[in-house]
Each structure stands twice: as structure tokens, then as C-alpha cells.
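Comments concern the structure below.
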There are 2 protein chains.
Amino acid sequence: MATKSNSTAKAPPRKQSAKKRRTGKRAQNKEAIRKRIVKSALHLFQTKGFDTTTTKAIARKAGIAEGTVFNYFRTKEDIALSFFEEEVDHAIAAVRDNPRLRKAPLEEKLFTLVHSQLEYLAPYERFIGAALIHALNPASHLGAFSHRAQQLRHRYLAFVTELVEESSPKQQRDALSWLVPEAFWIYYLGVLLFWLYDSSKDKEHTIAFLDRSLHVGVAFLTNGRR
Amino acid sequence: MATKSNSTAKAPPRKQSAKKRRTGKRAQNKEAIRKRIVKSALHLFQTKGFDTTTTKAIARKAGIAEGTVFNYFRTKEDIALSFFEEEVDHAIAAVRDNPRLRKAPLEEKLFTLVHSQLEYLAPYERFIGAALIHALNPASHLGAFSHRAQQLRHRYLAFVTELVEESSPKQQRDALSWLVPEAFWIYYLGVLLFWLYDSSKDKEHTIAFLDRSLHVGVAFLTNGRR
DNA sequence: GACAATCCATGAGTGTGCTCATATCTTTTC
DNA sequence: GAAAAGATATGAGCACACTCATGGATTGTC
């Protein structure tokens, strides 16, 4: 079976010179389907909640067969995760690509980071509430979202650590510096909760809280030690 | 249908004078079945892992029908949780009921607390590794174990807070005291991880680590502020 | 002891997330 | 262009956690 290369030699086929310049019908379709899945899923998560949204419904809304969903995402949670991955990447880029922040104080960078995240999440408040509060929860959890979720969390906290170290000479670090990312993680979840329950116009209270708490926190970091 | 009380009056039946003194055949059986379920589940979790243990297998091993499991526990996770509930209760009692600890220093109380937990968990190391490391995970999560799990975590941390306050006048608390339980939670998870990977005889390394880190931690708490 | 009321074990059934062999479509090769 | 090779959409099917109407057993009442 499977006559492999019936002719003389496997001519090394100059595939695609560049890395991933695929623009065939297939590649286009693939990209389109992937986007449709994420979009459909997000909409359903937002309107019906995460648990009550079935993969069948996601497929139906995206106009594909149920099995196809799993050609693109290993699990249902992965679909949600891909949204958070985009969100985190977006926020990190917002800080990195802002030249004005280059030599700004730490609290300003962190403010921009978290603020970008909230802005990005804003249209999906219900989804965040449904999926995160009950699957990520007050002070722990990422629910069933295991592994890839941790990589994401790690990527996020690594960036935060980077910002902190950039702002304070490495010599000043002491035995407690490992706590900073953990503390920031808890802090971030707290901000999210605050934001979700914030009914002030344009979430002003959250912004104010963010601003103030970051000043206090950074002050503690730099005053407390040296 | 359903002729409700065909006679004259519902004689207020003097139920059981005390709260729950049921010793009939039914109650005995119920207790026995509940214990069989937990025991069977625990054994399977330990030998096969949490995810790969089916509720059908648990029921079969306990000698009951599959549906019966769900007359006793709402979910599969709840079975595992009931084990951790017992574990936490046991450890709290071990500290509370030890008169020698009454006026011992804080680090000694915390040492006893955590040590009791480890002792209790020891026979189920594989299960802890399987269920906790991957469902409760390095620094967050309680996996799908939601709600009841949080109550448990809360109960545990409330006790820790109690111990801390007992050892230091309330006036000395400041704006950061809310962090103590959170930090202790992370610390506790860290200890668990350490313990799981500790291959020294009788987990000596863990004990040593516990002892030392608690001294340092408590010293930081009391020196750091005032 | 007999009847009624209550409890609760039962296991077939349900809907779920996910798998997999197959058919269909696209791309490559000649 | 035709045919082989490769990719991928498909949906019936699977195993699972969990539900529920049923009947049989236990308890309470006279």
C-alpha cells in the first residue's frame, strides 16, 4: 500500500520560501473558521454563560460540524483561553509599545497594563463574571483551564517582574522578592472583582482605586526596603 | 390523588428529643454506605488517579448502584472534598485540643497545624499529587472543586488568622494584615509541594524546612512591624 | 400484626465533551 | 488535465458525570 515516490528521487521541493506565507483557499478558510469559532463561542459565553454553552451550539452558530471545533481547539476551555491569551498579549504590547512609558515610574506602567486589560475585557463583562468569578474565583482558581492557563499566568507575571526589576536595581532585591508576582496576582484578581462590581459611571471607582493602590503598593516596595 | 392525612389531626409527633440520635437500621446503613463510598473512592483515587476513576467504579467497589453515589454526594469532586474537610478538621482540632500549645509561641502552633495535616495526608500521597497538583496547582486553583472548597479554605484561613491575632495584640495590626492569610495559603501550598517531592527519609527535609521557615516568617511579622 | 407514611437504593436514561474512521475537498506532481 | 498525495470537515459514536421515576425496604401508628 501507499507507494511512496514511484519515480526516481524526491526532488527537494522549494516549499514556500518564507516561513508561513500560505494564502491558498485552504489557509484562508482555516483562518476564517478559527475566527468564527472564537467569535461564536465568545458571544454564547457572554449571553448564556460558559457552562450552559454546549460545543454543539458553538459549532452550529459557527456553521460547522461539532467535530470541527476540536480540530481547532483541544477543549472547550481552550476556546475561552485563546481569548485571554489575546487579552494579555494586547495589554503587554500596550505597555511595551508606548515610548512615553519608557522611563515612567513603575506605578504608571502597571496602571497602563491593568487599564489596558480592563478596556479589552469591557465588552465581555458578563462572560468574565460567569467564567472567571466562578471558575477563577475570589482568590484562587483557574478552574479546569489547566496548563496552558498556567503558561499564560506565567507569561503575564514574568512581564510584571520584568517591569519591577527594570525600575529597581537588582541589588536591592531580598529574600521576599519572590512574593511580588504572587502578591500582584492576588491584587490583579482583586481589581477584576472590584471592576466587575463597580457600578460607577465608566468604572470611575475602579480607575481611582487602581491609581491609588498602585501608588501605595509601589511606595511600600521601595520605601519598605531601602 | 395523594390523600393527605385521612384522619382527624396531625398529631405533633415528638420526633427525636435530641438533635440527631438516630440508631435505626436505616441510619446505620446510611452511615456505613457513606463510609464505604469515601473509602472506595479514596482507594481508587490513590491507585488510579482522580480523573481516571469513574463514578461507576467507585459504586462497584462500594457494592452499590451508581446512582446511589449521588444520593450521598452531589458531585465526584465532593467525595474528594469530604476527605479534605476531615483533614482540616483533624488538624485544627489537633492544635485546639493540645493544652501545651495554649501559651506557646505562634510558630509552634502553626508548626503543629501543618505537621498534623501532613501526617494525615501521608498515606494518600499519590492522590494528593494527582488531584491537588494538577487540580489545585502550584499557586492557585481549587479546580472544579468550587464553593464548598472555598468554605473549607475560608475555615482554614480563619483559624490561622485566629492564631495570629491570639499571639499579637490587635492594635498592632496595620493595613497589610489582610495579606497574612493569603500569604499563608501560598506558603501552605508551597509546603505541600515541597513535601510531595521530598524524598528524604520520613520527610525530614520538609520538617526542617517547616520549622525554619515558620521561625523566619513569624519573626518577620513581629519584627517588621513594631 | 396490619396498614400507612417515609425513606432511599436502583439502573436505565440523558446530555455532555470529545474521538475517530471516513468522505470530501485542496494542493502537488507528472 | 489527470491522478496521487495530503489536509480537514464530518457526524455517528463513546465514555463519562449526573438525573429521575420506580419499587422495595424501614419506620411509625393503631
Side-chain angles (χ1 to χ4, degrees), chain A residues 1-16 21-34 36-37 41 44-45 48-60 62-80 143-146, chain B residues 1-16 21-34 36-37 41 44 48-60 62-80 143-145:
Chain A
M1 249 164 250
T3 67
K4 205 171 187 178
S5 79
N6 56 353
S7 85
T8 53
K10 260 190 287 186
R14 39 145 178 69
K15 274 185 172 176
Q16 219 68 22
R21 182 59 61 88
R22 293 295 183 91
T23 40
K25 211 177 224 175
R26 195 110 93 194
Q28 279 181 317
N29 211 244
K30 228 177 145 180
E31 195 56 30
I33 288 185
R34 186 185 189 87
R36 283 221 306 277
I37 293 175
L44 287 169
F45 291 163
K48 293 198 193 277
F50 181 78
D51 287 333
T52 48
T53 295
T54 68
T55 52
K56 194 164 279 184
I58 295 171
R60 196 150 138 275
I64 56 178
E66 193 185 355
T68 304
V69 172
F70 296 94
N71 290 341
Y72 288 82
F73 298 93
R74 271 167 32 89
T75 66
K76 186 169 106 171
E77 280 93 356
D78 268 14
I79 306 175
F145 297 31
S146 57
Chain B
M1 249 162 253
T3 68
K4 207 171 186 180
S5 83
N6 56 354
S7 88
T8 52
K10 260 188 287 187
R14 39 146 179 68
K15 275 184 172 177
Q16 219 69 19
R21 182 59 61 87
R22 293 295 182 90
T23 40
K25 209 176 225 176
R26 198 112 91 190
Q28 278 182 318
N29 211 245
K30 232 179 140 179
E31 195 57 28
I33 290 184
R34 185 185 189 88
R36 283 220 308 278
I37 293 174
L44 288 170
K48 294 201 193 273
F50 181 78
D51 287 333
T52 48
T53 295
T54 68
T55 52
K56 193 165 280 182
I58 294 170
R60 196 150 138 276
I64 56 178
E66 193 186 356
T68 304
V69 173
F70 295 94
N71 290 341
Y72 288 82
F73 298 93
R74 268 166 34 89
T75 66
K76 187 169 105 173
E77 280 93 356
D78 268 16
I79 306 175
F145 295 32

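Numbered from 1 within each chain, the chains take letters A, B, ... in sequence-line order.
Rounded to an integer number of Å, the gap from CG of A/Asn29 to C1' of D/dA9 is 10 Å. The interatomic distance linking A/Lys56 (NZ) with D/dG11 (P) rounds to 11 Å, in whole Å. For A/Phe73 and D/dA9, the CZ to C1' distance is 16 Å, given to the nearest whole Å. Taking atom CG of A/Asp51 as the reference point, atom P of D/dC18 lies 12 Å away to the nearest angstrom. Atom NZ in B/Lys76 sits about 15 Å away from atom P in D/dA15, given to the nearest Å. Atom CZ in B/Arg74 sits roughly 16 Å away from atom P in D/dA17 (whole-Å rounding). We find that CD1 of B/Ile58 is positioned 15 Å from P of C/dT10, with the value rounded to whole Å. Rounded to an integer number of Å, the gap from A/Gln28 CD to D/dA9 P is 14 Å.
Residues A/Ile64 and A/Ile37 meet the side-chain proximity criterion, which asks for heavy atoms closer than 4.5 Å. Between B/Ile33 and B/Asn71 the shortest side-chain heavy-atom distance does not fall below 4.5 Å.
A cation-pi geometry, defined here as NZ or CZ lying under 6.0 Å from the six-membered ring centre and within 45° of its normal, holds between A/Lys76 and A/Phe50.
Using a 4.0 Å heavy-atom cutoff across all strands shown, A/Thr53 reaches sugar-phosphate atoms only and no base atom. Contacts of A/Tyr72 with the nucleic acid, taken as non-hydrogen atoms under 4.0 Å apart, involve only primed sugar atoms and P, OP1 or OP2. At a threshold of 4.0 angstrom between heavy atoms, the contacts of A/Thr54 are confined to the sugar-phosphate backbone, with no base atom among them.
Among residues two or more places apart in sequence or in another chain, the side chain to side chain donor-acceptor pair (under 3.5 Å) test is passed with B/Thr68 by none.
Between B/Thr75 and A/Val69, it is A/Val69 whose nearest contact on DNA chain D lies nearer the 5' terminus. In terms of position on DNA chain D, the residue among B/Lys25 and B/Phe70 whose nearest nucleotide sits closer to the 5' end is B/Phe70.
Each of B/Tyr72, B/Phe73, B/Phe70 was checked for a side-chain contact (heavy atoms from CB on, under 4.5 Å) with B/Asp78, and the lone residue meeting it is B/Phe73.
Taking every side-chain heavy atom of B/Ala65 into account, C/dG11 is the closest of D/dG11, D/dC18, C/dG11. The A/Arg26 side chain lies nearest to C/dC25 when the options are C/dC25, C/dC8, D/dA17. Nearest to the side-chain atoms of A/Thr68 among the listed nucleotides D/dT10, C/dC25, C/dG11 stands D/dT10. Nearest nucleotide to the B/Ile33 side chain, out of C/dG17, C/dA9, D/dA17: C/dA9.
Residue B/Lys30 has a polar side-chain atom (N or O) positioned under 4.0 Å from OP1 or OP2 of C/dC8. Side-chain nitrogen and oxygen atoms of B/Asn71 include at least one within less than 4.0 Å of the OP1 or OP2 phosphate oxygen of C/dA9.
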